[in-house]
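Just so it is clear, the values below take in all heavy atoms, side chains as well, and ignore hydrogens, waters and symmetry mates. Just so we're clear, the structure is a prediction, and the values are computed from it rather than from any experiment. Sequential numbering from 1 along the given sequence is applied to the chain's residues.
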Amino acid sequence: MARIWKTPILVLATAYFVLDGLFSYVTRPVALWMSKRRILERTRRWIVSLRPYPSLALFAVPVIILEPAKPLAGYLAATGHVCV
């Protein structure tokens, strides 16, 4: 029974990555347009003004918070709980 699901999951994963790659062509011009508009100029200046360790903490905190989700996702995928 598990072998039956391997092919559709492979097809879905391949389609997801192809669509993600195609979507990046759409988002790239939008990101360039936003970078020229200076929408978040105040936030950018604040991040640039940070010293090395506070800026490291700024990017490390989300990683530390989300890191426990990776083993949980791996466990759920390995046990067949693809849709939660």
Side-chain angles (χ1 to χ4, degrees):
M1 184 71 174
R3 296 183 94 202
I4 294 173
W5 290 105
K6 286 186 181 183
T7 303
I9 290 175
L10 180 66
V11 169
L12 286 174
T14 304
Y16 171 78
F17 286 116
V18 168
L19 288 174
D20 187 47
L22 292 174
F23 188 68
S24 70
Y25 287 111
V26 174
T27 58
R28 186 169 309 199
V30 173
L32 289 173
W33 176 79
M34 285 180 63
S35 70
K36 293 176 184 173
R37 296 291 173 218
R38 305 288 186 206
I39 296 172
L40 300 172
E41 181 66 29
R42 193 170 168 195
T43 305
R44 186 191 70 80
R45 283 192 310 234
W46 174 69
I47 292 171
V48 169
S49 72
L50 291 175
R51 297 187 48 84
Y53 287 116
S55 63
L56 176 65
L58 180 69
F59 292 104
V61 168
V63 172
I64 291 169
I65 291 171
L66 294 174
E67 192 64 32
K70 287 181 183 178
L72 178 63
Y75 170 75
L76 290 174
T79 56
H81 296 89
V82 181
C83 296
V84 178

Check your understanding: By side-chain contact (heavy atoms from CB on, under 4.5 Å), which residues pair with Arg37, not counting sequence neighbours?
Key -> Trp33, Ile39
Going by atom type alone, with no hydrogens or angles, which donor-acceptor pairs under 3.5 Å involve a side-chain atom of residues 16-25 and a protein atom two or more places apart or on another chain?
residue	atom	partner	partner atom	Å
Ser24	OG	Gly21	O	2.6

Tell me which donor-acceptor pairs under 3.5 Å the side chains of residues 54-64 have, and how far apart each pair is, sequence neighbours excluded?
residue	atom	partner	partner atom	Å
Ser55	OG	Arg51	O	3.2
Ser55	OG	Pro52	O	2.7

